[in-house]
Amino acid sequence: MDYLLAGSLGALIAFVFAIPAVILEMRKTGEAEHTEFIVEPRKILGRKLKHREAFLLGLLLHVLVGFVFGAVYILFVLREWLFVTRAPYTFLSLLVYAVLTWIVANVAIYPVLGMGLFARKEGQHVWVETIASHLVLGIALWFLIHYFQPQFFSM
């Protein structure tokens, strides 16, 4: 239950964070090349994606990363793998976790998607967008966990 709850909170946070990108996408007339806030893969499996396909795939990846972010954090908590802070659900532990997930995404996931190391093929400053996304996910997850003070999360 903890995994599903934390994963859902992570996905919700990621979607809320992507709302400005969704609004910009709905309002635009087609001349914009790149939407801020979410990474848009331009090619997948050698196929060039249309702008709308790239946006929707980017949004799906963004929400999926949010879900995985929340669920894997619970794995770290339950297995007592918080080697830096040793304190679950703290602000610092979630910030450290956010930075670690950012590194994993940029070194492992984005290269597999054909976006290059640190998504450099998508733009020179995409790494800043991705670290901002991960830090916002970490801070928001910390806030929601403490806002709910849920009995679901064993503190």
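Starting from 1, each residue takes its place in the sequence as its number.
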For Y110 against A119, the heavy-atom pair lying closest together: CD1-CB, 4.0 Å
Quick one: side chains of residues 7-24, donor-acceptor pairs under 3.5 Å with protein atoms, not counting sequence neighbours, listed by atom name and distance.
residue : atom : partner : partner atom : Å
S8      : OG   : L4      : O            : 2.8

Do the side chains of F118 and I103 join up, straight or via other hydrophobic residues, at under 4.5 Å, putting them in one cluster? yes
From H62 atom NE2 to F55 atom CZ, the distance as rounded to the nearest 0.5 Å: 10.0 Å
As a quick check of understanding, evaluate side-chain contact (heavy atoms from CB on, under 4.5 Å) for V77 and Y89, giving each step before the final call. CA-CA 8 Å; V77 168; Y89 310 114; 3.6 Å; yes
Derivation and outcome, side-chain contact (heavy atoms from CB on, under 4.5 Å), residues L75 and Y3: CA-CA 7 Å; L75 177 70; Y3 295 107; 3.7 Å; yes
Quick one: list whatever passes side chain to side chain donor-acceptor pair (under 3.5 Å) with W142, sequence neighbours left out. H146
For residues 90-104, pull every pair meeting side-chain hydrogen bond (donor to acceptor under 3.5 Å, both in side chains), keeping only residues two or more places apart or in separate chains. Y73-S93, T90-S93, T101-H134, W102-T130
Is there a continuous path of hydrophobic side-chain contacts, each under 4.5 Å between heavy atoms, that joins F143 to F69? yes
I74-W81 co-clustered via ILVMFWY side chain contacts under 4.5 Å: yes
Please report the shortest heavy-atom distance between L117 and V107, naming the atom on each side. CD1-CA, 3.7 Å
Search all heavy atoms of G70 against all heavy atoms of L141 and return the closest pair with its distance. CA-CD2, 4.0 Å
Gap between atom CD1 of I139 and atom CG of L144 - 0.5 Å precision: 12.0 Å
The criterion is side-chain contact (heavy atoms from CB on, under 4.5 Å); which residues satisfy it with L135, sequence neighbours excluded? L95, A98, V99, I131
Within this structure, what is the CG-CG distance for the pair L94 and L137, rounded to the nearest 0.5 Å? 10.5 Å
